[in-house]
Amino acid sequence: MIEFEDVTYGYGGAPLLADVSLRLAPGSFHFLTGPSGAGKTTLLKLCYGELIASQGRVTLFGQDARTMTRDDVAMMRRRIGVVHQDQQFLDHLSVVENLSLPLTVSGRTTPQGDLEELIRWVGLENQAQAHPPELSGGERQRAALARAIVMSPEVILADEPTGNVDWEMSLRLLKLMVELNKMGKTIMIATHDLNLIRSAKQQVQARVLRISNHRLQLAGADL
Ligand SMILES: Nc1ncnc2c1ncn2[C@@H]1O[C@H](COP(=O)(O)OP(=O)(O)OP(=O)(O)O)[C@@H](O)[C@H]1O
């Protein structure tokens, strides 16, 4: 689904990521970890075509990211749901309106019941009409997850989805991710939280990738 072959990327200066090879197989569950500034967000952006590799090849659903047209990128983005670190909601719209937006923009009609079910699934049924500034950190994160999956993507990439929430809420978000994986979704979560990774490994078969000194390594069982 998503494959990197010897990918190098830098923001102008020295490479931030060097010779990265990676394969996200359908239905797999990956964590991406590494120190702050190591390049986790950058790697996720390469995964959804927001950035293009300086060297090497990124293949997204069988297509070389460099050769994608704008239409190809638009189609590909529907297959990848992204939970952004900074969430990016429209504050003047309610939660339900924010969630409807990707559907409206893409011209899709989804039965109202499906949207309500999604909102219930993330436990926001009492906040559906609230506006994003009125939500707690954990509610915002669950709204961000709901928005990432509203288009039924095959892959979900989540950038620090448990940042700024307590442990109980982290576990709740993790449970939602595990359920999505059990439904067949391919998941990659960037996180600093090693306790979250340990907890996940008791629930699901997850691979842990670590960015260290610009390289991507498979972490051992010593987490
Ligand atoms: N648009 C940009 N232009 C220049 N440098 C950038 C840009 N975006 C990120 N960087 C730099 O690239 C490095 C890696 O950033 P990135 O956000 O990918 O790291 P991260 O591992 O996700 O960090 P964190 O865990 O703190 O979120 C940082 O030094 C950052 O300042």
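Every number for a ligand or one of its atoms is a count from 1 in the order of the listing.
Ion pairing of Glu179 with Lys175 is present here, as a side-chain N (NZ or NE/NH1/NH2) and a carboxylate O approach within less than 4.0 Å. Between Asp19 and Arg215 there is a salt bridge, with a side-chain nitrogen of the basic residue lying less than 4.0 Å from a carboxylate oxygen of the acidic one. Between Glu5 and Arg57 there is a salt bridge, with a side-chain nitrogen of the basic residue lying less than 4.0 Å from a carboxylate oxygen of the acidic one.
Arg147 is listed as a side-chain neighbour of Leu99, based on a closest heavy-atom distance under 4.5 Å.
Note: Tyr11 and Tyr9 have perpendicular aromatic rings, judged against thresholds of 30 and 60 degrees for the angle between ring planes.
Within the model, atoms CG of Leu196 and CZ of Phe31 stand 5.0 Å from one another, a figure rounded to the nearest 0.5 Å.
Under 4.0 Å from any atom of ligand 1, one finds heavy atoms of residues Tyr11, Leu16, Pro35, Ser36, Gly37, Ala38, Gly39, Lys40, Thr41, Thr42, Gln85, His192.
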